[in-house]
Amino acid sequence: MTPPTSRTWSRRGTTPVFRVRGRSQRRFSIAALCCYKPGERSRLVYRPKRHTDHKSGGRKSFAWTEYRDLLIAAHQQLGGPNVLIWDNLNFHKDRRMRAFIDAHDWLTVYHLPPYAPDLNPVEGIWSVLRRTSQANTAFTDPDHLIRRLRHSLRQIQYRSDIIDGYLIATGLTLTTPRPQPQ
């Protein structure tokens with residue numbers, strides 16, 4: 001895995017070069033939702049997945065059932081109706097996913113226009129992960145990577161101001177005031 005670089009140094013006039021051991025053929029996926037409920041702190045609900053059978057022709061991404069399970073988990077955590085604003089990933093528009101959405105009255109879905117990552121707050125979360133927890137790190141093994149990702153996502157979960165910042169950066173206005181700490 002080639003590590004993302006945030007800052008480095010080298011002798012003047014030479015280009016810094018990173019040498020890392022071979023490329024890993026292991027694959028990870030993370031699905032996440034930035035959640036906002038009026039009067040409560042914003043939340044990040046996420047699910048990481050390690051794909052173990054992708055070399056033998058297995059799935060290389062989340063299945064629609066895993067997205068469904070993520071939505072159910074978010075609904076249980078938020079405890080109310082959910083309005084979901086999704087990008088145009090093919091599994092978000094899968095017929096089985098549409099049937100699931102139509103069967104549940106607590107879920108309303110809107111799709112973002114194609115190629116509009118600036119409207120998706122989760123893209124900001126991925127950006128901050130690459131710049132902080134993954135920057136200048138050559139992971140020793142896949143477990144090291146997934147531990148670091150989980151730790152960083154957990155830190156973001158506890159910082160609702162970061163999630164609010166990415167929600168507001170999309171142009172979404174938070175219409176109710178946030179509860180003040182006492």
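All values reported here derive from a predicted model rather than from experimental measurement.
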- Might you work through the side chain to side chain donor-acceptor pair (under 3.5 Å) test for H111 and D87, ending with a clear yes or no? CA-CA 6 Å; H111 286 280; D87 58 11; over 6 Å; no
- Cluster check I85, L78: I/L/V/M/F/W/Y, side chain < 4.5 angstrom: no
According to side chain to side chain donor-acceptor pair (under 3.5 Å), who are the partners of [X], at least two apart in sequence or on a separate chain?
X    : value
D143 : R50
T65  : none
Q155 : H151
S152 : S133

Got a sec, which residues hit salt bridge (Lys or Arg N to Asp or Glu O under 4.0 Å) with [X], two or more places apart in sequence or on another chain?
X    : value
R68  : none
D94  : R96
R159 : D161

- Keeping the roles fixed (side chain from T132, backbone from V128), state whether a donor-acceptor pair exists under 3.5 Å. yes
- Message: Under a 3.5 Å distance rule, please check whether R43 uses its side chain to pair with a backbone N or O of Q157 as donor and acceptor.
- Response: no
From [X] [atom1] over to [Y] [atom2], what is the distance, rounded to the nearest 0.5 angstrom?
X    : Y   : atom1 : atom2 : answer
F100 : R95 : CZ    : CZ    : 15.5 Å
L112 : H92 : CG    : NE2   : 10.0 Å
D164 : R41 : CG    : CZ    : 10.5 Å

- Smallest separation among heavy atoms of S42 and S160, with atom names: O-CB, 3.5 Å
- Note on the structure: What one should report as the nearest heavy-atom pair of S29 and F62 is CB-CE1, 3.4 Å
With side chains defined as the heavy atoms from C-beta onward, is the minimum distance between [X] and [Y] less than 4.5 Å?
X    : Y    : answer
V45  : L70  : yes
R47  : D69  : no
C35  : L44  : no
L149 : I30  : yes
K93  : W64  : no
L84  : Y110 : no
V122 : L33  : no
T108 : N82  : no

- Apply side-chain contact (heavy atoms from CB on, under 4.5 Å) to the pair N120 and T170, showing each step before the final yes or no. CA-CA 7 Å; N120 189 347; T170 64; over 6 Å; no
Taking only residues two or more places apart in sequence, or in another chain, which ones meet [X] in a ring pair (Phe, Tyr, Trp, His ring centres under 6.0 Å)?
X    : answer
H75  : W106
Y166 : none
W126 : none

- Message: Any salt bridge linking K49 with E66? Criterion: basic side-chain nitrogen under 4.0 Å from a carboxylate oxygen.
- Response: yes
- Item | Residue pairs, two or more places apart or on separate chains, that pass salt bridge (Lys or Arg N to Asp or Glu O under 4.0 Å) and touch residues 102-120 | none
- Name all residues meeting the side chain to side chain contact (heavy atoms under 4.5 Å, CB included) criterion together with R150; count only those two or more places apart in sequence or in a different chain, and write none if there are none. P48, I146, R154
- Message: Please determine whether side-chain contact (heavy atoms from CB on, under 4.5 Å) holds for the pair L153 and I125, giving the CA-CA distance in whole Å, both sets of side-chain angles, and the decisive distance to 0.1 Å.
- Response: CA-CA 9 Å; L153 287 167; I125 301 293; 4.1 Å; yes
